[in-house]
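My questions will all concern the structure given below.
Keep in mind it's a predicted model, so treat the numbers as computed, not measured. The analysis underlying the following values was restricted to heavy atoms, covering all of them including side chains, and did not include hydrogens, waters or symmetry mates. Within every chain, numbering begins at 1; the chains are lettered A, B, ... in the order of the sequence lines, protein sequences first and strands thereafter.
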2 protein chains.
Amino acid sequence: MTDSGRGRPTMKDVAAEAGVALKTVSRVVNGEAGVAPAMAERVEAVIERLGYRRNESARVLRRGRTASIGLVIEDVADPFYSGLNRAVEDVALRHGSLVLSGSSGEDPRRERELVLTFCARRVDGLIIVPAGSDHSYLRSELDAGIAAVFADRPGGLDVDTVLCDNSGGARAGVAHLVGHGHRRIAFIGDDPSIYTAAERLAGYRRALGEAGLPYDGSLVATGPAAQAGPVLTRMLSGDDPPTAVFAGNGRITVAVLRTGHRPALVGFDDFELADLLVPGVTVVAQDPVRLGATAAELLFRRLAGDRGTPERVELPTRLIPRGSGELPP
Amino acid sequence: MTDSGRGRPTMKDVAAEAGVALKTVSRVVNGEAGVAPAMAERVEAVIERLGYRRNESARVLRRGRTASIGLVIEDVADPFYSGLNRAVEDVALRHGSLVLSGSSGEDPRRERELVLTFCARRVDGLIIVPAGSDHSYLRSELDAGIAAVFADRPGGLDVDTVLCDNSGGARAGVAHLVGHGHRRIAFIGDDPSIYTAAERLAGYRRALGEAGLPYDGSLVATGPAAQAGPVLTRMLSGDDPPTAVFAGNGRITVAVLRTGHRPALVGFDDFELADLLVPGVTVVAQDPVRLGATAAELLFRRLAGDRGTPERVELPTRLIPRGSGELPP
DNA sequence: ATGAAAGCGCTAACAC
DNA sequence: GTGTTAGCGCTTTCAT
């Protein structure tokens with residue numbers, strides 16, 4: 001070995017071993033033109049023999065671009081977000097970029113920490129599913145030239161944003177229940193401090209209004225999915241109970257199913273096996289893959305130099321009738 | 001602004017603006033001892049005002065350690081692997097490390113490419129779910145001081161490895177069916193070129209042997225999950241059809257369920273809602289979170305300097321009876 | 001076609 | 001306590 005001491009061989013080591021200048025090795029490694037084939041071959045042989053691998057940190061330090069992007073989602077283990085993650089990864093791969101991903105756990109402080117960590121690693125851009133609404137901490141990063149895209153929810157900054165049609169989807173879901181004769185429809189959803197939850201609740205109210213049905217606060221419950229079961233049980237044991245339930249997200253839909261009660265049900269978010277339950281679970285489906293892919297494409301367009309005004313894309317949702325939403329009152 | 005030209009402010013900029021030496025800024029940024037409180041405060045104010053953020057690439061270049069690890073799994077969107085991913089992330093967070101993750105898609109070439117990309121970024125260590133069995137390309141990386149752990153399957157190198165008890169789990173699952181009176185038990189699994197699939201098939205054969213049942217090749221089918229449904233239908237329409245099925249992985253279990261046939265069924269891998277189907281689906285459960293956490297802990301032990309001989313950990317599986325495995329012949 | 005020198009932003013080692 | 005210097009491994013610029 002010709003390693004200068006410990007650790008990995010460097011371009012310098014390769015150059016010395018091959019008896020050429022460091023710059024020639026650099027040219028070979030980067031596939032730059034202007035190297036005689038014989039020379040290139042000799043250098044490549046040494047690279048192979050020494051197990052040389054370019055030090056990306058040094059390269060980044062010099063060039064300024066890292067060919068990596070940061071992705072902040074709520075939880076990499078959640079099927080919705082892991083689908084989004086995969087889509088982002090695929091688009092990044094096509095653009096020769098790597099993805100750093102992290103879970104914010106719906107905690108704005110953790111989100112901020114992750115984003116700043118990514119920025120310290122000089123990612124070229126960020127895709128963020130905002131946990132909070134205050135993104136002033138991002139200002140200076142944007143000024144420094146980092147591109148950012150918000151996905152799934154709007155953030156507190158005017159940058160490219162990709163959303164799903166939450167209120168429209170909820171409205172369609174509730175209207176579906178109305179169409180099947182229901183007049184007492186419960187809404188069980190996330191805390192409305194979360195954007196998507198608030199939008200879905202708004203869609204619920206709108207559908208009621210359009211059907212000429214009164215809004216009854218005793219039929220509306222918001223909070224963590226863990227409480228959805230007990231809440232439903234309580235509602236059903238009251239007088240004038242609901243005959244149908246609109247569940248504000250996938251976890252709540254499952255929680256409702258676990259209670260064993262079988263009111264008519266439409267859930268926001270599709271999930272695997274929804275079609276295999278009896279009856280099948282009618283859902284309003286989002287498309288996490290398209291969400292991720294769209295956000296990534298938008299980001300790479302910025303990285304390619306697009307300086308147009310920030311875009312706001314809204315993706316449609318799709319009602320999938322499977323049985324549970326078609327039960328009579 | 002005192003930025004030296006374009007882009008982000010550097011320590012030099014902060015030092016100039018604060019009227020101190022660069023090293024003092026470095027001390028403040030890194031929380032090193034030996035800085036007068038008043039001085040630290042002044043520097044921090046400038047940092048805040050300029051939006052200074054340490055350049056991690058430069059730091060890495062100088063220090064040699066990146067405080068990041070690479071994770072190569074089959075698919076970040078698969079629930080099994082995304083659970084593993086999350087567990088790795090959590091352990092890494094506790095160790096102040098970041099996770100680079102990528103999907104190999106079961107392609108050895110892509111695995112190699114990902115690993116080498118991670119190495120070029122000088123990750124401190126790697127957790128790999130091997131797609132192939134030839135890991136000679138990793139040799140030089142290990143020699144260079146990068147630590148590696150194989151998870152879920154053994155790789156072609158003697159490094160720390162965390163596996164699940166695949167054959168024992170399959171054996172227990174098949175024995176369960178035998179215990180409920182079945183004598184004609186089909187095995188539908190992945191291609192045996194995949195380690196876990198081969199192990200599970202071995203467990204199946206062992207259980208048959210222990211029950212004194214003959215091995216019947218016409219009851220065994222291996223291949224992609226997409227073919228599991230048609231294969232089962234064919235088996236069931238033959239003469240002397242199986243009365244029970246052991247499904248070799250989660251996707252195949254679901255494929256079997258989708259056929260509408262309802263033989264007695266035990267599946268390898270737990271999945272959400274398995275308990276809500278009718279009958280509930282009896283499974284042999286692995287623990288992806290524990291798998292990921294164990295692999296990560298092993299890796300960080302190495303990074304902390306452990307030079308002991310490579311460990312091989314086998315995690316237990318758990319049979320969860322829910323109804324489908326208890327159906328009579 | 002090849003090479004020499006400068007310097008990216010930071011930390012380590014050593015003054016003062 | 002604070003500052004100076006050297007250099008991590010690479011790309012850039014400019015020479016030859």
Side-chain angles (χ1 to χ4, degrees), chain A residues 2-44 46-47 50-67 119-122 124 144-145, chain B residues 2-44 46-47 50-67 119-122 124 144-145:
Chain A
T2 322
D3 293 23
S4 47
R6 305 231 124 287
R8 310 205 58 130
T10 71
M11 274 193 184
K12 199 171 147 197
D13 297 320
V14 175
E17 185 75 7
V20 299
L22 190 150
K23 177 67 220 189
T24 302
V25 179
S26 171
R27 286 201 176 93
V28 173
V29 168
N30 295 298
E32 284 171 35
V35 181
M39 171 106 287
E41 209 170 309
R42 199 169 88 213
V43 171
E44 252 147 18
V46 176
I47 286 177
L50 259 45
Y52 169 78
R53 220 75 72 191
R54 181 173 62 195
N55 184 323
E56 216 59 28
S57 300
R59 179 186 166 88
V60 162
L61 176 57
R62 196 59 244 245
R63 306 193 62 198
R65 272 217 167 179
T66 54
C119 289
R121 306 222 173 197
R122 295 299 184 269
D124 300 327
Chain B
T2 323
D3 294 23
S4 46
R6 304 230 123 290
R8 311 206 56 132
T10 70
M11 274 193 183
K12 201 171 146 197
D13 297 319
V14 175
E17 185 74 6
V20 300
L22 190 149
K23 177 68 215 189
T24 301
V25 179
S26 172
R27 288 202 175 94
V28 172
V29 168
N30 295 297
E32 282 171 37
V35 181
M39 171 107 286
E41 209 169 308
R42 201 168 86 211
V43 172
E44 252 147 19
V46 176
I47 287 176
L50 261 44
Y52 169 78
R53 219 75 73 190
R54 180 173 65 195
N55 184 325
E56 215 60 27
S57 300
R59 179 186 164 88
V60 162
L61 177 57
R62 193 59 245 244
R63 305 193 61 197
R65 273 215 167 181
T66 54
C119 288
R121 307 224 172 196
R122 296 297 185 270
D124 300 328

### Message
Please tell me if A:S26 has a side-chain N or O lying less than 4.0 Å from either OP1 or OP2 of D:dT11.
### Response
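For D:dT11, OP1/OP2 do have a side-chain N/O of A:S26 under 4.0 Å.
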| task | Could you check how far CZ of B:R27 sits from P of D:dG3, rounded to whole Å? | result |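 It is 9 Å, rounded to the nearest whole Å.
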Measure the distance from OH on B:Y52 to P on C:dG9 and round it to the nearest whole Å.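 Between P of C:dG9 and OH of B:Y52: 10 Å.
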Can you tell me the distance, in whole Å, between the CZ atom of A:R54 and the P atom of D:dT11?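 The distance from CZ of A:R54 to P of D:dT11 comes to 6 Å, rounded to the nearest Å.
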Residue B:E41 excluded, over 12 heavy atoms near CD under 6.0 Å:
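Counting neighbours around CD of B:E41, 12 or fewer heavy atoms of other residues, nucleotides or ligands fall under 6.0 Å, so no.
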With B:Y52 as partner, the option from B:R8, B:E17, B:M11 fulfilling side-chain contact (heavy atoms from CB on, under 4.5 Å) is B:M11
Would you check, one step at a time, whether the test salt bridge (Lys or Arg N to Asp or Glu O under 4.0 Å) holds for A:R54 with A:E56? CA-CA 6 Å; A:R54 181 173 62 195; A:E56 216 59 28; 3.5 Å; yes
The nucleotide from D:dG9, C:dG3, D:dT2 with an atom nearest the side chain of A:R62 is D:dG9
Taken to the nearest whole Å, CG/A:L22 to P/D:dT11 is 9 Å
Side-chain atoms of B:M11 come closest, of C:dC10, D:dT11, D:dT2, to C:dC10
When rounded to whole Å, the CZ to P distance for the pair A:R63 and D:dT11 reads 7 Å
Output for pair (A:S57 OG, A:R62 CZ), nearest 0.5 Å, gives 15.0 Å
Worksheet item: Taking the side chain of A:R59 as its heavy atoms from C-beta onward, which of C:dG3, D:dC10, C:dC8 lies nearest to it?
Response: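 In terms of side-chain proximity for A:R59, the closest of C:dG3, D:dC10, C:dC8 is D:dC10.
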Quiz item: Please give, in whole Å, the distance from D:dC10 C1' to B:N55 CG?
Solution: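 Spelled out: CG on B:N55 to C1' on D:dC10 is 13 Å.
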Quiz item: Should B:T24 be listed as having a side-chain N or O under 4.0 Å from OP1 or OP2 of D:dG3?
Solution: yes
Need one value for B:V60: base, sugar-phosphate or nothing, where a base atom within 4.0 Å counts as base even if backbone is also close, heavy atoms only.
nothing
When rounded to whole Å, the NZ to P distance for the pair B:K12 and C:dG9 reads 8 Å
On a heavy-atom basis, the closest approach of A:L50 and A:P9 is O-CG, 3.3 Å
Rounded to whole Å, CD of A:E32 lies from P of D:dC10 at a distance of 14 Å
